[in-house]
Asker: 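Once you've had a glance at the structure underneath, I'll fire off some questions.
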Amino acid sequence: MKHISRRNFNNLTAKGIGGAALFSSVPFACVMGANKDKKKLGIALVGLGSYSTYQLAPALQDTQHCYLAGIVTGTPEKEQIWAEKYGIPEKNIYNYQNFDDIANNEDIDVVYVVLPNSMHAEFSIRATEAGKHVICEKPMGISVAECTAIINACDKAGVKLGMGYRLHSEPYTQQVKEYVKEKTFGDILFVSADAAYRSTGNPDQWRLDRSLSGGGALMNMGVYAIQSAIYGTGENPISVAAQEFSTRPDYFKDTDETIAAQFEFPSGAVGNISTSHNFNANAMYVSGSSGWFRLQPANNYGPLSGETSRGDTIKFPHESQQKLQMDDFAKHVLFNEPNLAPGEMGKRDMMIVEAIYKSIANGGETIALDFEPGFGFGG
Ligand code: NAD
């Protein structure tokens, strides 16, 4: 099969030879067509840090509709270790420089970007240019502009895009969405959501370096609190006001330590969120006109736990959230099942993140948000 490098692809598209004509004659079409007959999609993990090592790769040993087919790493020592541990053939191992050659590899259907936040956009877009479907870790990028660029690149290449928002695939979060949709506890009036952990580790880690992380607690854990506030009400907010708190400026030199924000929703419901790298918090509480429910914990790898004003507990058998999430995305690609965490969801959350930073920069000013109803909601 003819190899089209990233540079060649860019040249072709610059000359106006991209689009349908190009897709009909190169690996894009082959990969997309092949999906129909494939039993399991091959996933390549890009970035073999702690999340790939301890969550995604183990989960991919149990998935039904996808498997760990390849790796992309900047650390040569990891190549042999992963190859032996997971039986990955040498031809499916890439580094950041030769990554674009993945276009020629029919074993790889999906590229899963698990790198520091500032690298998500580059590698997601390079994956689309190689004709691969993309799963992008949270936060989707470090700006709304990056999120838009990823979505546009996926549209242009005709590939599917999913966010690494694992909670949408797990039963406790699905129960929350069901309560809200069915009005089990009446009209939702109030939501509170906290997502935080105490960071005391290496002060040189990338999460504390704005150039790599894009921000601090808000970018890292804050997106979970934003998500909880939205699926806890079933609505996108119409405004946000926010405050930042700093108690350890020597450690958090470059990134936000603690942020609180208040939302208004179109129905009149209101919400509070908090996120921090200075304290531990992991909960959501929703109050409706005829009762309440809560999850605590609400956003870790599980098992989660919950209760309601009826006096019952919310309880489901535990399964790997990552396994469920990757199988749901594979079913979206293979069988056109709903995309539970589409790219627009990641972009919407980044729009809210930017509004929160803007509010803080303006002394807590209320910032209006103007989403189309349901924008960014998954299937
Ligand atoms: P990590 O620090 O453990 O791993 C980062 C990986 O990126 C490492 O393999 C490192 O070698 C590589 N890397 C490449 N260039 C780098 C650079 N310039 N600086 C630092 N590392 C570099 O991080 P992680 O916890 O695996 O997080 C990776 C991504 O996954 C982040 O975007 C994070 O938000 C996301 N994540 C999501 C979840 C979730 O529950 N969905 C959980 C953890 C992490």
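Note that ligands are numbered from 1 as they come in the structure, with each ligand's atoms numbered from 1 the same way.
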Asker: Using heavy-atom distances only, which candidate in Met140, Arg166, Gln321 approaches atom 40 (O) of ligand 1 most closely?
Answerer: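 Ranked by closest heavy atom to atom 40 (O) of ligand 1, first place is Arg166.
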Asker: Under 4.0 Å from a heavy atom of Gly164: which atoms of ligand 1 are those, numbered in the order shown and with their elements?
Answerer: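 With Gly164 as reference, the close atoms of ligand 1 come out as 41 (N).
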Asker: Please work out which of Asp209, Leu115, Leu167, Val223 has its closest non-hydrogen atom nearest to atom 31 (C) of ligand 1.
Answerer: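 Selected option, by shortest heavy-atom distance: Leu115.
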Asker: Is the contact between Val114 and ligand 1 made by the side chain, the backbone, both, or neither, using heavy atoms and a 4.0 Å cut-off?
Answerer: both
Asker: Mark yes when over 12 heavy atoms from residues, nucleotides or ligands other than Phe375 sit less than 6.0 Å from its CZ; otherwise mark no.
Answerer: yes
Asker: Any nitrogen or oxygen of Gly49, side chain or backbone, less than 3.5 Å from one on ligand 1?
Answerer: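 Yes.
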Asker: Among Gly141, Pro116, Gly214, which one has a heavy atom closest to atom 16 (C) of ligand 1?
Answerer: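 Ranked by closest heavy atom to atom 16 (C) of ligand 1, first place is Pro116.
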Asker: Testing Phe293, Trp292, Tyr285, Phe190 one by one against Phe185 for a ring-ring contact (aromatic ring centres under 6.0 Å, His included), which residue passes?
Answerer: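 Filter result, single survivor: Phe293.
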Asker: Is ligand 1 under 4.0 Å from a heavy atom in the side chain of Tyr96, in the backbone, in both, or in neither?
Answerer: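 Within the 4.0 Å criterion, Tyr96 contacts ligand 1 through side-chain atoms alone.
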Asker: For Met345, run the side chain to side chain contact (heavy atoms under 4.5 Å, CB included) check against Lys138, Met350, Gln227, Met140 and tell me which one passes.
Answerer: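 Among the candidates, only Gln227 passes.
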Asker: Is Ser213 reaching over with its side chain to a backbone N or O of Gly216, donor-acceptor style, under 3.5 angstrom?
Answerer: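 Checking the backbone N and O of Gly216 against the side chain of Ser213, no donor-acceptor pair under 3.5 Å is found.
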Asker: Looking only at N/O atoms, are Ser50 and ligand 1 under 3.5 Å apart anywhere?
Answerer: yes
Asker: Judged by non-hydrogen atoms, does His120 sit under 4.0 Å from ligand 1?
Answerer: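 In this structure, His120 qualifies as a contact of ligand 1 - some heavy atom is under 4.0 Å.
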Asker: Please check whether Tyr224 reaches ligand 1 - meaning an N/O of the residue sits under 3.5 Å from an N/O of the ligand, judged on distance alone.
Answerer: yes
Asker: Under a 4.0 Å heavy-atom limit, does Met119 contact ligand 1 with its side chain, its backbone, both, or neither?
Answerer: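 Near ligand 1, Met119 shows its side chain, while the N, CA, C and O stay back.
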Asker: May I ask which of Arg207, Met221, Glu137 has a heavy atom nearer to atom 24 (P) of ligand 1 than the others do?
Answerer: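 That would be Arg207.
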Asker: If you measure every N/O of Gly47 against every N/O of ligand 1, is any gap under 3.5 Å?
Answerer: no
Asker: Taking NZ in Lys315 as the centre, count heavy atoms belonging to other residues, nucleotides or ligands within less than 6.0 Å. Is the count above 12?
Answerer: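 No - once you tally the heavy atoms of other residues, nucleotides and ligands closer than 6.0 Å, there are 12 at most.
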Asker: Decide whether the shortest distance between a heavy atom of Gly74 and an atom of ligand 1 is less than 4.0 Å.
Answerer: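 So Gly74 does not count as touching ligand 1.
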Asker: Check Leu212 against ligand 1 and report side chain, backbone, both or neither, counting heavy atoms closer than 4.0 Å.
Answerer: side chain
Asker: Salt bridge or not for Lys358 and Glu354, using N-O below 4.0 Å?
Answerer: no
Asker: Could you walk me through whether Tyr224 and Asn282 pass the side chain to side chain donor-acceptor pair (under 3.5 Å) test, one step at a time?
Answerer: CA-CA 9 Å; Tyr224 291 109; Asn282 181 352; over 6 Å; no
Asker: Do any heavy atoms of Lys78 fall under 4.0 Å from ligand 1?
Answerer: yes
Asker: Would Asn117 count as being in polar contact with ligand 1, using the rule that some N or O on each side must be under 3.5 angstrom apart?
Answerer: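 Checking ligand 1 against Asn117, an N or O pair does fall under 3.5 Å apart.
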Asker: May I ask whether Tyr165 places a heavy atom under 4.0 Å from ligand 1?
Answerer: no
Asker: Are Tyr251 and His277 close enough that their ring centers fall under 6.0 Å?
Answerer: no
Asker: Any protein heavy-atom neighbour for atom 22 (C) of ligand 1 (distance below 4.0 angstrom)?
Answerer: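 For atom 22 (C) of ligand 1 the answer is yes, since some protein heavy atom falls inside 4.0 Å.
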